[in-house]
Amino acid sequence: MHALLTLLKPLQIFNDICGWFGRWISVIALALMVLIILLQVFCRYALNNALPWPDEAARFLMLWLTGLMAPIALRQGGFVAIETLTQFLPRRGVTLLTLFLFTVSLMVLCVAVKLGWKHVNSGWLFASASLKLPLQLIGLKAVKLKLAWMYLSLFVGAVLMIFATVELIIRQIITLGGEHRHLRDIPILDSESAQ
Amino acid sequence: MLMWFLPLFLVFLVIGLPVFFGLLAAPGLLLWLNGQERDIALLYRNVYNGMDSFPLMAIPFFMLAGELMNRGGITSRLVEFAQAIMGHLRGGLAHVNILSSMLFAGLSGSAVADTSALGSMLIPAMEKQGYTRRFAAAITAASSVIGPIIPPSGIMIIYAYVMGESVAALFLAGIVPGVMVGAGLMLMVKVMADRYDFPVASAKYSWRARGQASLKAFFPLMTPVIILGGILGGIFTPTEAAAVAVGYATFIGLFVLKSLKLQDLPQVLTKAAMTSSVVLLLVGAAMAFKTVVSLSHAPETLAAFILSLSENPLILLFLINILLFIVGMFLDAGPAIIILGPILGPIFISMGVDPVHFAIIMSVNLTVGLATPPMGLVLFVASSVSGERVDSIARAIIPFLLVEIFVIFLITYIPAISMTIPRLTGFVN
């Protein structure tokens, strides 16, 4: 049990840090998405000049927002699930069932990471239709963004969700061992579960 | 073999696996047992491709807009406006609750947002006036179902995305059904108010006071006009309209009403981002699930089964409503639409039901499912906002659910209810 608690500590710190960065990147991404789309509308009507890149840029941000925010939601139990069954089980049963469910989730995520890595690598072959790194600003040639940078979002999301799930699993095992008083609460960002 | 993915998925759901993982684990496991490992890679890619969509971006934007309006005190202005109009009736606050839901529905596309925004304000107020807490929570939950029926609507954006329909046509088709649900609930409140002697909320407002309340609610009430007007006029796409709504809500909150502070923004953005990330992943997973559904020949089998029950579309519509209602009790509206839409839609469209009409039947039915136990998200939110137990709210909500079921059947059998506005505006032939 002591070993598990020792293992849990760095994992928690890692998840806390990823959560902090994930949250702020997502907040900025969402704000940028709104601004980009408003810019698109503005340019189309006020300047009579439709920009080619806002559509893809906003999707890029949305994918990363999902990849970075979903692990935070998963960690604090924000994924939609039916929790009726747990009401009819004794406390120990609930812990065992939760442990089983986390294990199934972990298996799904591991397969996702394996497939995701292939997906990301296939993305180096294709360039984005409209997104470029504006290197011409510093005197170089503009480089088209590879699609892999977009594909990476879901892959990173799956990896971070694995870390979150492992943390949750260790917590359940510790609870099962009756040592849950040693557990520190998971930081909760204010939110309801999804519609 | 693959036919088993649906029962397996249900088992996963019932034991409490998050819907997102259930949508992937059930088909993934069966594909693996079947030796179709390549198709598992397809499953992953479809999660990604399902999320990578410009039309879907309207969902985070509308969530953000609703969140901003709520934080910026716009909700309270809508409630005040509703009170000025209906507060003097017997059962005043119950009516105010329903009318506020209808007004709020024009700003937000989510029943959950509606419940938490209005519930936190109206449930304590209703309790203070002598309503039981479970009644207050029940009427809040029942009326917030209107949120995704009156445009804008997250559920209809998802339906249009999956089925290739026009978002504008679905939005327009939802207006009258949404108003009907509201009117039906008000009738029920009136019946109950006379019987149980509900209190009035306030003295009758003078026309002058009503004018003042309308003036205060003017800017919030302009939001649906901008959104719908913009989409209908072909000025912007629904996604752009949603972004404009965010810009408008921010501007109003920060500069006109001055009720929103800059330091509120990170919190609001976090909340919207988190909710959206969960919904978007769910949509992606449901799209992946859908591809396996079509690999398994389940749609053909199911269609053959449905058509063997009866050839009369009226009877089939009745049966399908019952099926949808049961599904809605267990599954969230978004995933249910993505999974069942492509299976059921073509059957009824080939029998002569208009695609937009069917979309409304399905959306309204599954939305009402949000307020039914055991998987009624709205009930859970109402419970956490009010502190009342889910099962006691579930009992108190029954009369209102009956009204909503009645409206579902009206919508099903009178196509004109949903089709008139889209036809008149030329969005449906």
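Just so it is clear, the values below take in all heavy atoms, side chains as well, and ignore hydrogens, waters and symmetry mates. Numbered from 1 within each chain, the chains take letters A, B, ... in sequence-line order.
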* Asked: Which residues in residues 158-170 of chain A have a heavy atom less than 4.5 Å from any heavy atom of chain B?
  -> A:Met161
* **Interchain contact, B:Ile40 with chain A, by part (heavy-atom threshold 4.5 Å)** => both
* Side chain, backbone, both or neither: which part of A:Leu65 has a heavy atom under 4.5 Å from chain B? -> both
* To do: Heavy-atom distances under 4.5 Å only: say whether A:Ser122 touches chain B with side chain, backbone, both or neither.
  => side chain
* Asked: Looking at B:Pro266 and A:Val27, what are the two nearest heavy atoms and their distance?
  -> O-CG2, 3.9 Å
* **Interface moiety of B:Phe61 toward chain A, non-hydrogen atoms closer than 4.5 Å** => side chain
* Selection from A:Ala81, A:Ser26, A:Ala31 maximising heavy-atom pairs under 4.5 Å formed with chain B -> A:Ala81
* Structure fact -> Contact list (residues 244-254 of chain B to chain A, heavy-atom gap under 4.5 Å, by number) returns B:Val244, B:Val246, B:Gly247
* Asked: Is there a side-chain contact between A:Lys146 and A:Phe126 (heavy atoms, below 4.5 Å)?
  -> no
* Do the ring centers of A:Trp64 and A:Trp149 come within less than 6.0 Å of each other? -> no
* Are the side chain of B:Asn70 and the backbone N or O of B:Gly66 linked by a donor-acceptor pair below 3.5 Å? -> no
* To do: Name the region of A:Met107, side chain, backbone, both or neither, that has any atom closer than 4.5 Å to a heavy atom of chain B.
  => neither
* Asked: chain B heavy atoms under 4.5 Å from A:Phe100: which part of the residue, side chain, backbone, both or neither?
  -> side chain
* **Short side-chain to backbone donor-acceptor contact, B:Tyr48 and A:Phe155, under 3.5 Å** => no
* Asked: Quick one: what part of A:Val34 sits under 4.5 Å from any heavy atom of chain B, side chain, backbone, both or neither?
  -> both
* Structure fact -> Applying a strict 4.5 Å limit to non-hydrogen atoms, the region of B:Ile235 in contact with chain A is both
* Could you have a look at B:Pro60, B:Ala272, B:Gly154, B:Ser53 and say which one has the most heavy-atom pairs with chain A under 4.5 angstrom? => B:Ser53
* **A:Asn121 side chain vs A:Trp117 backbone, donor-acceptor pair below 3.5 Å** => yes
* **B:Ser277 versus A:Thr66, side-chain donor and acceptor atoms under 3.5 Å** => no
* Check whether A:Leu35 gets within reach of chain B through its side chain, its backbone, both or neither, counting any heavy atom under 4.5 Å. => neither
* Tell me, side chain or backbone of A:Leu63 under 4.5 Å from chain B's heavy atoms, or both, or neither? -> side chain
* To do: Select one option (side chain, backbone, both, neither) describing which atoms of B:Val14 are under 4.5 Å from chain A's heavy atoms.
  => backbone
* Structure fact -> Given A:Glu56, A:Gln40, A:Arg44, the one with more heavy-atom pairs under 4.5 angstrom with chain B than any other is A:Arg44
* Kindly say whether B:Ser116 contributes a backbone atom to a donor-acceptor pair with the side chain of B:Ser120 at under 3.5 angstrom? => yes
* Is a side-chain donor or acceptor of A:Thr95 paired with a backbone partner of A:Arg91 at a separation under 3.5 angstrom? -> yes
* Under 3.5 Å, is there a donor-acceptor pair between the side chain of B:Ser383 and the main chain of B:Leu379? -> no
* **Contact class of A:Tyr45 relative to chain B, heavy atoms under 4.5 angstrom** => side chain
* Can you tell which of A:Ala73, A:Ser153, A:Ala29 has the highest number of heavy-atom pairs within less than 4.5 Å of chain B? -> A:Ala73
* Side chain, backbone, both or neither of A:Phe88 within contact of chain B (heavy atoms, under 4.5 Å) -> neither
* To do: Identify which part of A:Val41 has an atom lying under 4.5 Å from any heavy atom of chain B, answering side chain, backbone, both or neither.
  => side chain
